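Heads up, the thing below is written out as structure tokens.
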Amino acid sequence: MAKSVDIIIVGGGVAGCSIAYHLAQLGITDVVLLERKQLTCGTTWHAAGLVTQLRATRNMTELAKYTGELFRGLEAETGQATGFRQNGSLRLATHAARLEELKRGASMARNFGLEALEVTPSEIKERYPLVEVDDLAGGIWMPNDGQVNPSDVTLAMAKGARQKGVTIRENAPVDRILVENGHAVGVVLRGGEELRAAKVVIAGGMWSRDLAGDIGVSLPLHAAEHFYIVTEPIPNLPRDLPVMFLGDECSYYKEDAGKLLLGCFEPEAKPWGHEGISDDFSFDSLPEDFDHFEPILDMAVRRVPALADAGIQLFFNGPESFTPDDRYLLGETPEVRDLFCACGFNSVGILSSGGVGKALAAWIRDGHPPMELADVDVRRMQPFQSNSRYLFDRTKETLGLLFAMHWPYRQFETARNVRQSPVHDRLLSQGAVMTEAAGFERPGFFAADGRSKEFGYSYGPQGWFPDVRAECLNTAENVTLFDQSCFAKFLLQGRDACRVLNYISAAEVDVPLGKVVYTQWLNDRGGIEADVTITRTAPDTYMIVTLGASQTRDFSWLTRSIPEDAHAFATDITAGLPMLGLMGPKSRALLEVVSGTDLSDAAFPFGTSREIELGYARVRVSRLTYVGELGWEIYVGADFACHVFDVLTEAGAAFGVTGTGSGPLWAWAMSAILMGSTPFF
């Protein structure tokens, strides 16, 4: 073995083997894949092997489509059987709301170039004779979906990689990743062997979180128990049955070798491995829990009566890893350069594997993703989300959400109230109904007296539309107080701060003190990496504000854009600097009353930022708006935030001030987009 290679891949499941295969397809063959035991031995070997194509966005769908195309030809290319069958899939609805969801999905699929047909109960019966359809509302049929043998398709990709020169080592557990000067430079194997590399990839499945955590990298994922049964052979069972999904009954069905596999994604899952996962766990299953599975089986026997007379050959319980938002983790980590990840697949690892391997291989080669992958980019996550207790609680929900109703505006229910602004309790007392963004609690809307404070769901008009309408009207006619503490704020300080920001920003930031610049951060291809406001607060100091969901990504982009010889230092000050928005035509009058400051157009033009007194506090006020009306952003230290909020609320009563959620922001953003203008100013 050479002691230095181009790329090391840690993990020999379907993701790791796909990355190795696709690197080889690009001509990058100085690659070593290290598997602690045997290929597929963690989660891949017991996956159900479903190959569906429709995902939530076009780019995710393109990756899934590519996976199916790859599997279709992989056996002919490598000589290794894959078990791929294009037998289609049925998705069934037992009520009108689920049918609406499926119809919307079918419409989106057709726009993405997929074949998706709406089918009636009788047409469902034709395609799946075993299923009871009397109570079904309908469904959709996707003929290009199918199934595959997970182990075989993984071995086929491994063989394809080997054929082009990639080295695959089994029984080679990695103890730790080597990091020098902020870069991954190799690994240390069990026993002390050191292997150096220009880049390292973590594709270690449910072991990835701990392996990354040892070097300060956050990969939020947690294992959960996943259940399925396999029947004994069923006489005269059709061999061309499609894969069938019944979200309303938390179940899926797959025919294989004359047997039926029945699996489930139950509403309350069982997290597993919270105290750590043994390195010796290999081709193992977890203890049976028939009581947990029984409600699913009861529904399944009524839906497919043939199950009542079929013996159970296998009751299987195996772990799979889930992330806090049910989307996998892909790309270069923000904490360590040249360290990439592909993990946390939320039970869609097989159907995602081809696209994941292709995309990450190009990312490794080029230094940037080949397409927009924000949905799964690891930089969307917040560091706190690797907290083990947070993951344990959230995983109880995320497994079941795969088959739950995918309502518009749906909110997570577990692991909530994680990040709160200082005025959180005051907002609740005023009737705020909270939504979550990157773990941050923020008002979604304020329920008027007597109205429900539940975040109800519907595919029609939402129950909170009247509340948001009132908030929008008040913002247009009077003045509204927003809690925008979830916005991320950074400081860049040093004599080269201006030079650094001018290098990555589209707009000129060498501006007078107290000037706010709205701009984008660019990459060397002319693409946009971030959308920010930059305020010059001192000759060598700038305050940068961006969306809370972009906090990790944007701070990483900023720090990585500082040349080694530059005198510039970035600090994330989000937690210590809440921000309140005061917006509406009466906002100037209210702010002048509580501050005693001249805020006229002449004294305080648009895009101006300065410190003023407000109540007993000293705050930074920036004249900006996100709602199309006169507006101000008020930045106040966390220790004075409640005081400033109270002063504005009490004095604002005379001006018609109300609290508001995100509704007016959404409304203005959407109207601005439709009108072809920026949603910021």
Side-chain angles (χ1 to χ4, degrees), residues 5-25 28 31-45 47 63 67 150-151 153-155 157-158 160-162 166-170 172-177 184 186-187 189 195 197 199-215 217-221 223 277 279 281-282 319-323 327-333 336 338-365 369 373 376-378:
V5 296
D6 286 342
I7 299 166
I8 294 172
I9 301 169
V10 182
V14 69
C17 290
S18 178
I19 296 163
Y21 170 86
H22 285 91
L23 285 169
Q25 294 293 312
I28 303 172
V31 177
V32 173
L33 185 150
L34 302 171
E35 165 54 46
R36 63 187 179 87
K37 293 290 186 181
Q38 292 176 262
L39 298 182
T40 80
C41 72
T43 295
T44 296
W45 72 276
L63 295 184
T67 299
S151 293
V153 80
T154 303
L155 295 177
M157 288 190 285
R162 282 193 181 106
V166 171
T167 299
I168 295 179
R169 292 179 61 182
E170 296 180 293
V174 172
D175 265 356
R176 69 180 186 277
I177 296 169
V187 300
L189 281 70
L195 183 61
K199 294 179 174 65
V200 178
V201 181
I202 298 178
M206 52 193 173
W207 289 270
S208 299
R209 172 181 171 268
D210 289 344
L211 181 62
D214 288 343
I215 55 170
V217 170
S218 174
L219 294 182
L221 57 84
I277 303 172
D279 287 342
F281 191 89
S282 173
E320 299 189 10
S321 56
F322 291 81
T323 64
R327 291 177 282 155
Y328 50 84
L329 308 175
L330 190 68
E332 188 176 15
T333 66
V336 175
D338 300 322
L339 178 64
F340 294 80
C341 66
C343 52
F345 283 100
N346 308 282
S347 284
V348 296
I350 301 299
L351 68 90
S352 303
S353 60
V356 163
K358 183 178 182 180
L360 193 62
W363 198 333
I364 292 169
R365 178 194 63 185
L373 294 172
V376 294
D377 191 326
V378 65

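Since this is a predicted model, take the numbers as computed values, not measurements. Hydrogens, waters and symmetry mates play no part in the numbers below; they use all other heavy atoms, side chains included.
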Inset, instruction - Quick one: do L219 and D210 satisfy side-chain contact (heavy atoms from CB on, under 4.5 Å)? Show the steps, please. - result: CA-CA 8 Å; L219 294 182; D210 289 344; over 6 Å; no
Inset, instruction - Applying side-chain contact (heavy atoms from CB on, under 4.5 Å), run through L63 and V376 and close with a yes or a no. - result: CA-CA 12 Å; L63 295 184; V376 294; 5.8 Å; no
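The CG atom of L360 sits 8.5 Å away from the CD1 atom of I9 when rounded to the nearest 0.5 Å. The line from CG of L189 to CZ of R36 is 13.5 Å long, rounded to the nearest 0.5 Å. Distance NZ/K37 to CG/D279: 8.0 Å, rounded to 0.5 Å. Expressed to the nearest 0.5 Å, how far OG1 of T44 lies from CD of E320 amounts to 9.0 Å. From R162, atom CZ reaches atom SG of C17 across 8.0 Å, with rounding to the nearest 0.5 Å. How far CE of M206 is from CG of L211: 14.0 Å, rounded to the nearest 0.5 Å.
A donor-acceptor pair is defined here as one N or O able to donate and one able to accept, closer than 3.5 Å; no such pair exists between the side chain of S321 and the backbone of G205. Side-chain atoms of D175 do not come within 3.5 Å of backbone N or O of P173 as any donor-acceptor pair. Side chain of R169 to main chain of V32: no donor-acceptor pair is present (N/O by atom type, distance under 3.5 Å, no hydrogens or angles).
The aromatic rings of Y328 and F345 lie tilted to each other, with the angle between the two planes from 30° to 60°.
In this structure, I177 and V217 have side chains that are not in contact, with every pair of non-hydrogen atoms separated by 4.5 Å or more. A 4.5 Å side-chain heavy-atom check between L39 and L33 finds at least one atom pair inside the cut-off. Side-chain contact between T67 and S353 is present, with heavy atoms from C-beta onward closer than 4.5 Å. Considering only heavy atoms from C-beta on, T323 comes within 4.5 Å of N346 through its side chain. In this structure, the side chains of W363 and L373 come closer than 4.5 Å at one or more pairs of heavy atoms. For the pair C343/R209, no side-chain contact is recorded, criterion being any heavy-atom separation below 4.5 Å from C-beta on. In this structure, the side chains of K199 and D6 stay at 4.5 Å or more apart for every pair of heavy atoms. Looking at heavy atoms from C-beta onward, F322 lies in side-chain contact with S347 at the 4.5 angstrom threshold.
For the side-chain hydrogen bond (donor to acceptor under 3.5 Å, both in side chains) test, no residue two or more places apart in sequence or in another chain qualifies with T333.
The two residues V166 and A24 make their nearest non-hydrogen contact at CG2-CB, 3.9 Å. Taking both residues in full, the closest heavy atoms of T43 and P319 are given as OG1-O, 3.2 Å, listed atom of the first, atom of the second, then distance. Scanning all heavy atoms of the two residues, the minimum distance from A203 to I19 falls at CB-CD1, 4.5 Å. Of all non-hydrogen atoms in V336 and A184, the two that sit nearest each other are CG1-N, 3.5 Å. Of all heavy-atom pairs between Q38 and E170, the closest is CA-OE2, 3.3 Å. Of all non-hydrogen atoms in V356 and A342, the two that sit nearest each other are CG1-CB, 4.0 Å.
Between L329 and the choices P220, S218, S208, the side-chain contact (heavy atoms from CB on, under 4.5 Å) rule is met once, by P220. Checking each of V200, I8, I168 against L34 for a side-chain contact (heavy atoms from CB on, under 4.5 Å) leaves exactly one that passes, namely I8.
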